[in-house]
Undergrad: 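Pasting in a structure now, in structure tokens, and then I'll have a few things to ask.
Numbering of ligands and ligand atoms starts at 1, following listing order.
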Amino acid sequence: MIAMAGFMSAIMAVVLLFMRRHYPPSIRGVGAWAVAPLLWLASTVLFGARDFIPAWLSLVLANQLLVLGSLVYYMGTRHFLGQSFDWRFWGWVMAGSTTVFVVLTYWFPNYGLRVGFFTVLMGCIYTAQLRFMLRHGEHSFPVRLVQVVLALHTLILAVRLFSILIGKGGSDLMEPSLFQTLYIGAYVLMVLMLSIGAVLMATDRLRTELEHLATHDSLTNTLNRRALLAHCEEELERAQRYGHGLSIMMVDLDNFKAVNDTRGHQHGDAVLVHFADCTRQVLRRADRLGRYGGEEFLVLLPDSDADAAMAVAQRIHATLATGHALDCQVSIGLTSWTGAHDTLDAMLSRADAALYRAKHEGRNRTVVASEPVQTPRAAQAGSAQTVACD
Ligand SMILES: Nc1nc2c(ncn2[C@@H]2O[C@H](COP(=O)(O)OP(=O)(O)OP(=O)(O)O)[C@@H](O)[C@H]2O)c(=O)[nH]1
């Protein structure tokens, strides 16, 4: 069984090292997760060679490699979840535990005490990691899997400690007893499951990152046009099924070409980012902001009629007029869902026409398109309600 643990450690280390090489650096912690099974493998080899090597290798170093592997795995988890690892504290723990192992191997050789100490030490490391993951971990399946493995293994360590306390801990790791078999079996499973958990956590993060890249604009971190229109279609379907209202706003930065021409393209980029950040802050969680193209954005407001949407538009104008160096002015074309016959194309045309009218009437204002318009840029003919902000 010990050989099986070594074999599994080796396989999982290869898988994780491969992932470390090919996954983006934004997914942190994979390197440490790859090193942990290598340390466990080295420990297994030393345990296996116990008849041929001195005790400081097969007992002291082998145990400490297991401890170090668990700490390195914990470090990987902390890095993965964006936290640092306090090597100063754990370094002292390693130094202290090495001393205890040396004492219990050479000065007071006692199998029960040594195993009891090791069990408590590993239990502390797993509990610290479990506590950290419960506090900072995401609610995803891989994170839950690792939490369950850590909790189960801590439980098994507690059973092992109990068996030692009642004098049934045996006198050798290789002794064929129920507790020893249970413990070694659990250890083999834990090595495998922790590594699988690490692979799943990293893969899940990669999937999330790729999904984000495919649906978001890289400059402003708002939804891209395709994702935004998909959300609009979904909301329109919901509106048609349940009869809830829905509004959309087309927002265009005023005289943005002049901003680029006078202050430079990079300043223009910063203004776009500032606009997106400010606008996001005045929206609800259910609202969606997306880049429709260039300096034109679209805001989707589910469950909102024209009055509610107009209040949001006013908040957008206000949040961009606070005296910040990157503040800008915007024109907004606003339209609301008019009933079961309404379509997304028609709504976009109305919003576009209302925006055109806002520009035409002097910019820095919101125009509400109150009637369907046939051709976008011929929208001046449609009736509209204008709210100027200057
Ligand atoms: N810095 C920067 N500029 C962009 C980006 N996308 C589009 N633009 C610029 O936005 C400007 C849009 O100019 P126009 O369409 O003439 O509009 P405008 O100057 O805002 O005038 P109005 O819309 O009529 O108020 C162009 O100069 C584009 O180059 C971008 O990602 N970054």
Undergrad: Would you mind checking which non-hydrogen protein atom is closest to atom 28 (C) of ligand 1, with the distance to 0.1 Å?
TA: Asn260 ND2, 4.2 Å

Undergrad: At what distance is the nearest protein heavy atom to atom 27 (O) of ligand 1, and which residue and atom is it?
TA: Lys257 CG, 3.5 Å

Undergrad: Once ring pair (Phe, Tyr, Trp, His ring centres under 6.0 Å) is applied, what residue pairs with a partner in residues 49-72 remain, sequence neighbours excluded?
TA: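 Matches after skipping sequence neighbours: none remain.
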
Undergrad: Using distance alone, decide if ligand 1 has a nitrogen or oxygen within less than 3.5 Å of any nitrogen or oxygen in Leu219.
TA: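 No; every N/O pair is 3.5 Å or more apart.
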
Undergrad: Under a 4.0 angstrom heavy-atom cut-off, which atoms of ligand 1 come close to Asp254?
TA: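 Counting atoms of ligand 1 from 1, those under 4.0 Å from Asp254 are 20 (O), 25 (O).
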
Undergrad: Would you say that Met19 contacts Leu206 through its side chain, given a criterion of any heavy-atom pair below 4.5 Å between the two side chains?
TA: no

Undergrad: How does Arg363 reach ligand 1, if at all, at less than 4.0 Å between non-hydrogen atoms: by side chain, backbone, both, or neither?
TA: side chain

Undergrad: For atom 7 (C) of ligand 1, which of the options Ala358, Gly294, Ala270, Ser218 provides the nearest non-hydrogen atom?
TA: Gly294

Undergrad: Please list, in number order, the atoms of ligand 1 under 4.0 Å from a heavy atom of Leu253.
TA: 20 (O), 23 (O), 25 (O)

Undergrad: Taking heavy atoms and a distance under 4.0 Å, where does Arg291 meet ligand 1: side chain, backbone, both or neither?
TA: side chain

Undergrad: Distance under 6.0 Å and angle within 45° of the ring axis: does Arg225 meet both against Tyr292?
TA: yes

Undergrad: For a 4.5 angstrom cut-off between non-hydrogen side-chain atoms, does Met190 reach Ile156?
TA: no

Undergrad: Can you tell if the side chain of Leu81 reaches within under 4.5 Å of the side chain of Glu138, non-hydrogen atoms only?
TA: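 In short, these two side chains touch, coming nearer than 4.5 Å.
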
Undergrad: Can you tell which part of Asp261 has a heavy atom less than 4.0 Å from ligand 1: side chain, backbone, both or neither?
TA: neither

Undergrad: Looking only at protein heavy atoms, which one is nearest to atom 17 (O) of ligand 1, and what is the separation?
TA: Glu295 OE1, 3.6 Å

Undergrad: So do Tyr126 and Leu130 actually touch side chain to side chain, heavy atoms under 4.5 Å?
TA: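 Of all side-chain heavy-atom pairs linking Tyr126 with Leu130, none is under 4.5 Å.
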
Undergrad: Of Thr220, Val273, Asn255, which has the heavy atom at the shortest distance from atom 25 (O) of ligand 1?
TA: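 Ranked by closest heavy atom to atom 25 (O) of ligand 1, first place is Asn255.
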
Undergrad: How does Asp269 reach ligand 1, by side chain, by backbone, by both or by neither, if only non-hydrogen atoms under 4.0 Å count?
TA: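 Both of them.
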
